[in-house]
Amino acid sequence: MIMSQPARNQPKALIFISMLYLSLILAANVVIYKTTLLGSHIISAGAYIIPVWFVVGDIIAEAYGYEASRKVIWSTALSIFIFSLICVL
């Protein structure tokens, strides 16, 4: 009996999840120096975004495999580099 392939071969939501991953990283980089109050503690605003960023990265790795995860990470790194160049200019 032939078993069906897992969802790795059907990247239906990979583009959306990749854009979410990139958006979370860019948002974390932009708001990292902003501070918020949580009770009596002063916390960086990026501390709220970074855990969600890691969860989305884990979802990509688990659902689509490590090869797709590597592609997303490298394309995100390139996008962050371009974003930083645009911000400097």
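Residue numbers count from 1 along this sequence. Only a predicted model underlies this, so the values are computations on that prediction, with no experimental measurement involved. As a basis for the values below, the full set of heavy atoms in this structure was taken, side chains included, without hydrogen atoms, waters or symmetry mates.
- The cluster map of Ile, Leu, Val, Met, Phe, Trp and Tyr, joined by side-chain heavy atoms under 4.5 Å apart, puts Ile32 and Tyr48 in different clusters.
- Between Tyr64 and Ala13, the closest heavy-atom pair is OH-N, 3.4 Å.
- Taking both residues in full, the closest heavy atoms of Val31 and Ser44 are given as O-OG, 4.2 Å, listed atom of the first, atom of the second, then distance.
- Using a 4.5 Å heavy-atom cutoff, the side chains of Ile43 and Thr35 are not in contact.
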With a cut-off of 3.5 Å and sequence neighbours excluded, list every side-chain donor-acceptor pair involving residues 14-24.
| unit_1 | atom_1 | unit_2 | atom_2 | d |
| --- | --- | --- | --- | --- |
| Ser18 | OG | Leu14 | O | 2.7 |
| Tyr21 | OH | Trp53 | NE1 | 3.4 |
| Ser23 | OG | Met19 | O | 2.8 |

Under 3.5 Å, which donor-acceptor pairs do the side chains of residues 73-88 form with other protein atoms, sequence neighbours left out?
| unit_1 | atom_1 | unit_2 | atom_2 | d |
| --- | --- | --- | --- | --- |
| Ser75 | OG | Lys71 | O | 3.0 |
| Ser75 | OG | Val72 | O | 3.0 |
| Thr76 | OG1 | Val72 | O | 2.7 |
| Ser79 | OG | Ser75 | O | 2.9 |
| Ser84 | OG | Ile80 | O | 3.3 |
| Ser84 | OG | Phe81 | O | 2.7 |

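- Both Val30 and Ile50 are assigned to one and the same hydrophobic cluster, defined by single-linkage of ILVMFWY side chains at heavy-atom distances under 4.5 Å.
- Scanning all heavy atoms of the two residues, the minimum distance from Gly57 to Ser69 falls at O-OG, 4.4 Å.
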